[in-house]
4 protein chains.
Amino acid sequence: MIYIAWMDEHTDQTRKPRADAVRNRERVLEAAKAVFNAGGPEASLEAVAKRAGVGIGTLYRHFPTREDLFEAVYRREVEQLSELAEQLKNASDPVDALRRWLRSGVEFVATKKGMVAALALAVQSGSELHAFSFERLTKAIGSLLDRAAAAGAMRADVSPEDLLRAFFGMCYMHDQPGWQSSVLRMLDVFVDGLRVQPAMKAKVRASAKPAKPAAKRKR
Amino acid sequence: MIYIAWMDEHTDQTRKPRADAVRNRERVLEAAKAVFNAGGPEASLEAVAKRAGVGIGTLYRHFPTREDLFEAVYRREVEQLSELAEQLKNASDPVDALRRWLRSGVEFVATKKGMVAALALAVQSGSELHAFSFERLTKAIGSLLDRAAAAGAMRADVSPEDLLRAFFGMCYMHDQPGWQSSVLRMLDVFVDGLRVQPAMKAKVRASAKPAKPAAKRKR
Amino acid sequence: MIYIAWMDEHTDQTRKPRADAVRNRERVLEAAKAVFNAGGPEASLEAVAKRAGVGIGTLYRHFPTREDLFEAVYRREVEQLSELAEQLKNASDPVDALRRWLRSGVEFVATKKGMVAALALAVQSGSELHAFSFERLTKAIGSLLDRAAAAGAMRADVSPEDLLRAFFGMCYMHDQPGWQSSVLRMLDVFVDGLRVQPAMKAKVRASAKPAKPAAKRKR
Amino acid sequence: MIYIAWMDEHTDQTRKPRADAVRNRERVLEAAKAVFNAGGPEASLEAVAKRAGVGIGTLYRHFPTREDLFEAVYRREVEQLSELAEQLKNASDPVDALRRWLRSGVEFVATKKGMVAALALAVQSGSELHAFSFERLTKAIGSLLDRAAAAGAMRADVSPEDLLRAFFGMCYMHDQPGWQSSVLRMLDVFVDGLRVQPAMKAKVRASAKPAKPAAKRKR
DNA sequence: AATGAATGAGGGTTCATTCAT
DNA sequence: TATGAATGAACCCTCATTCAT
């Protein structure tokens with residue numbers, strides 16, 4: 001966020017923020033990222049403030065609720081993941097584009113494990129963050145899925161939400177260093193399963209009875 | 001766990017446990033199951049005691065740590081899931097056996113969502129419960145995987161641990177009623193991906209470079 | 001409160017309370033009385049606990065809300081004031097009985113100024129304590145008023161509630177030692193005003209237009 | 001309080017206050033009146049500042065203590081009540097003048113309930129505001145009482161302070177809409193009691209033993 | 001002068017855990 | 001053994017007050 005100018009005091013508009021305010025906000029964000037990554041999303045806000053080297057009141061001024069802090073911390077991360085999907089839209093092989101997004105996702109998550117925990121919590125609590133993140137990521141991943149489905153290369157009964165949840169769920173269930181290779185393996189299996197397999201399709205459908213056959217996705 | 005007899009520490013004699021002790025232990029377990037399923041694994045122990053109709057002290061006597069209580073609550077559940085795998089070992093189609101286990105697992109979990117949360121917590125904390133559960137379930141699911149791999153019907157670079165984590169992770173990332181159909185869809189995709197696909201295999205291997213090619217599993 | 005016996009543990013009835021629990025409860029009450037009298041009804045509960053020499057948790061166990069503590073502290077006081085009215089019902093001169101109750105009330109309040117503050121707060125917040133106290137005292141004072149009105153000795157357009165509020169209001173608005181004499185003087189004036197004054201009545205009524213002429217009181 | 005000019009501390013010269021300072025001071029006063037009337041005298045100063053549309057720092061500059069703000073807010077109100085008494089000094093019937101002042105007081109207070117709470121608080125804390133208000137109002141009401149006493153129409157053992165406290169106390173002890181009629185009734189009783197009643201006087205004195213018989217008032 | 005950010009003390013509340021009965 | 005009282009650490013949150021801009 002960059003403030004360039006400020007308005008006259010009587011018009012009640014944006015003003016140049018104080019330098020220390022900007023610095024503190026940034027410090028709190030950094031600290032929160034670290035603390036949440038280490039102690040999970042239920043870590044104490046006081047711990048965050050302490051690590052940031054600011055008073056607890058300052059933390060509250062910038063982020064009145066825990067949710068607000070989460071959001072500020074994770075919104076950017078979510079957006080990066082989402083932009084990655086945008087770029088992959090132009091890749092030649094649609095299925096491969098999806099696989100690459102997922103693999104990049106693992107790398108990405110590897111450096112911010114706390115985000116996954118926060119998302120998991122958000123899923124449970126049905127919070128703002130959840131709504132925002134899922135909408136954003138769903139849109140992104142959805143475009144990849146749609147392209148592949150349109151090309152007839154991929155089964156169409158998997159929604160972006162399904163995929164996202166599976167992806168984050170897999171990541172969440174790990175806590176050991178080196179977990180990535182496990183998830184990468186699983187994702188490969190996954191993408192292989194997504195490919196349309198003419199010979200197999202009939203059988204699969206017969207035995208599995210998907211609840212919503214090829215549900216028309218909203219986007 | 002049922003106490004039939006135990007040694008008295010001072011007299012070195014065998015004694016029967018008091019009837020009320022046995023009854024209370026059972027009550028606490030029932031209450032804990034209910035409370036953890038409803039309020040998540042962080043629910044207050046006092047709530048458990050109250051629901052069990054015993055004093056908090058009694059709860060602590062039987063289960064000195066929260067972990068102990070978790071373990072006692074979920075050990076049986078885990079064992080049931082595990083036994084299911086034993087039975088499926090005799091099914092004709094090994095891949096189908098796996099699929100059936102996973103689908104049963106969804107049904108099972110649907111009635112005890114708390115267990116998944118507890119496992120997720122256990123994963124994070126690297127606790128006893130985790131060790132026990134994973135060992136037990138890994139053994140069970142491993143035998144299914146091994147049979148399929150031995151029959152040449154399934155790729156061999158997915159470990160039972162991978163599979164379990166993916167399974168529980170998917171379940172965990174849901175909170176809406178009706179989440180099962182989503183997970184079932186994903187599991188189908190998964191199993192399809194696991195089948196050996198001669199034409200595809202080469203390509204997959206070439207592009208995916210699995211970290212541990214067909215790692216020899218410990219069990 | 002005296003516990004004499006306790007019931008068998010299986011019938012889930014009253015038990016003999018632990019000696020320390022009784023002692024602590026009493027200590028907290030004493031401390032609360034002192035602290036509320038000194039610092040007003042908004043004094044910190046931690047201060048009460050500290051003065052009582054118990055942990056804050058103990059205070060909360062005995063009195064889960066501030067209200068509960070108030071009530072325990074002031075219920076007895078209110079009852080004493082109320083019983084005094086009962087006794088005066090048998091006095092010969094009804095008007096004098098009222099006057100004597102009021103004068104005794106001043107003496108009573110003089111030793112527990114905190115009660116008045118608590119009542120004042122209770123009036124503002126419309127709390128339980130208020131409801132209880134006013135019902136109790138209203139009934140008591142109402143019987144004195146009724147007797148006097150029935151004897152034709154006193155105007156009937158003043159309700160017990162009116163009277164109580166005036167009484168406590170006068171007491172509340174003082175903070176200096178020796179305030180009692182001031183209130184006593186005012187109460188004399190008051191009671192004089194309550195006497196039926198034939199010659200004056202017409203004039204008073206003409207000019208004052210009481211909102212509810214001789215409102216039938218509920219009790 | 002209106003600044004017309006002030007001395008600059010360094011140059012020892014007279015200066016006009018900045019226009020915005022004057023405006024802000026006025027805004028804060030208006031806001032404080034509203035906020036205190038609504039939320040009681042313990043309302044947060046930040047709420048006042050926000051309503052006034054100024055920074056909290058500005059509020060503190062103009063009114064370094066909460067007391068200062070109270071005083072500024074209520075000084076004018078007190079003066080209005082006091083002036084009313086001045087005007088009534090010329091009424092023909094001294095007792096009726098008193099009654100009319102009290103009745104007007106009720107109306108007045110009805111629109112600024114916060115003032116009563118502030119005064120009550122001030123009584124408890126023995127603050128500046130209390131001193132000022134009581135001196136001012138005492139003088140005003142005292143002149144009404146004196147006139148009546150001099151005319152032999154009213155007992156002389158009630159001081160203006162007594163009267164004021166009783167008046168405000170009655171008002172304070174109410175929180176329901178429509179409380180005015182109750183207070184008006186009580187005030188009528190009061191004034192009736194104040195009238196000299198030859199036949200009754202002896203009896204009253206005999207039984208009541210006033211602490212300070214007809215205390216010579218200071219003013 | 002005005003602003004609003006920073007601070008931290010202070011109070012409320014919960015709960016895991018220990019211990020007296 | 002069973003009970004539930006006692007304890008206090010830990011958190012959350014608010015706000016009066018100070019201070020940098």
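Side chains included, hydrogens not; waters and symmetry mates left out as well; all remaining heavy atoms used. Chain A is the first sequence line, chain B the second, and so forth, proteins listed ahead of strands; every chain is numbered from 1.
Rounded to a whole Å, the OH atom of Y60(C) is 18 Å from the P atom of dC11(F). As rounded to whole Å, 12 Å separates atom P of dT13(E) from atom CG of L69(C). Put simply, NZ on K50(A) is 17 Å from C1' on dA6(E), counting in whole angstrom units. Between the P atom of dT3(F) and the CG atom of D20(C) lies a distance of 18 Å, rounded to the nearest Å. Atom CZ in R66(D) sits roughly 14 Å away from atom P in dT18(F) (whole-Å rounding). The distance from atom CZ of R25(B) to atom P of dA2(F) is 12 Å, rounded to the nearest whole Å. When rounded to the nearest whole Å, the span between CG of D68(D) and P of dT17(F) equals 11 Å. Whole-Å rounding puts the R27(B) CZ to dT1(F) C1' distance at 14 Å.
When heavy atoms are screened at a 4.0 angstrom cut-off, R23(A) is found touching no nucleic acid atom at all. Looking at heavy-atom distances under 4.0 Å, S44(C) makes contact with sugar-phosphate atoms alone, never a base.
Other residues, nucleotides and ligands contribute at most 12 non-hydrogen atoms within 6.0 Å of the CZ atom of R76(B). By the neighbour-count criterion of 12 heavy atoms within 6.0 Å, atom NZ of K50(B) is sparsely surrounded, having that number or fewer from other residues, nucleotides or ligands.
Side chains of Y172(C) and Q124(D) form a contact here, defined as non-hydrogen atoms less than 4.5 Å apart. Residues V28(C) and L69(C) meet the side-chain proximity criterion, which asks for heavy atoms closer than 4.5 Å. Contact check for E42(C) versus L121(C): side-chain heavy atoms found under the 4.5 Å cut-off. With contacts defined as side-chain heavy-atom distances shorter than 4.5 Å, the pair F63(C)/R25(C) qualifies.
For DNA chain F, if you chain together Watson-Crick or G-U pairs that step i with j, i+1 with j-1 and so on, the runs of at least three with distances under 3.5 Å are E:2-21 with F:2-21.
Note on N24(B): every side-chain N or O is 4.0 Å or more away from OP1 and OP2 of dT1(F). Taking only side-chain nitrogens and oxygens, H62(A) comes nearer than 4.0 Å to OP1 or OP2 of dA6(E).
When the nucleotides dG4(F), dA2(F), dG4(E) are ranked by their closest atom to the side chain of R18(A), dG4(E) comes out on top. If you check dA2(F), dA2(E), dT3(F) against the side chain of A21(B), the one that comes closest is dA2(F).
Nearest-nucleotide positions on DNA chain F for E46(D) and L59(C) put L59(C) closer to the 5' end. Summary of the strand contacts: G57(C) and L45(D) both lie near DNA chain F, and taking for each the nucleotide with the nearest heavy atom, the more 5' one is attributed to G57(C). Between G53(A) and I56(D), the residue anchored closer to the 5' end of DNA chain E is I56(D), taking for each the nucleotide with the nearest heavy atom.
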Worksheet item: Which is it for Y74(A) and F132(A) under the ring-ring contact (aromatic ring centres under 6.0 Å, His included) test, yes or no, and what are the steps along the way?
Response: CA-CA 10 Å; Y74(A) 293 115; F132(A) 163 75; over 10 Å; no
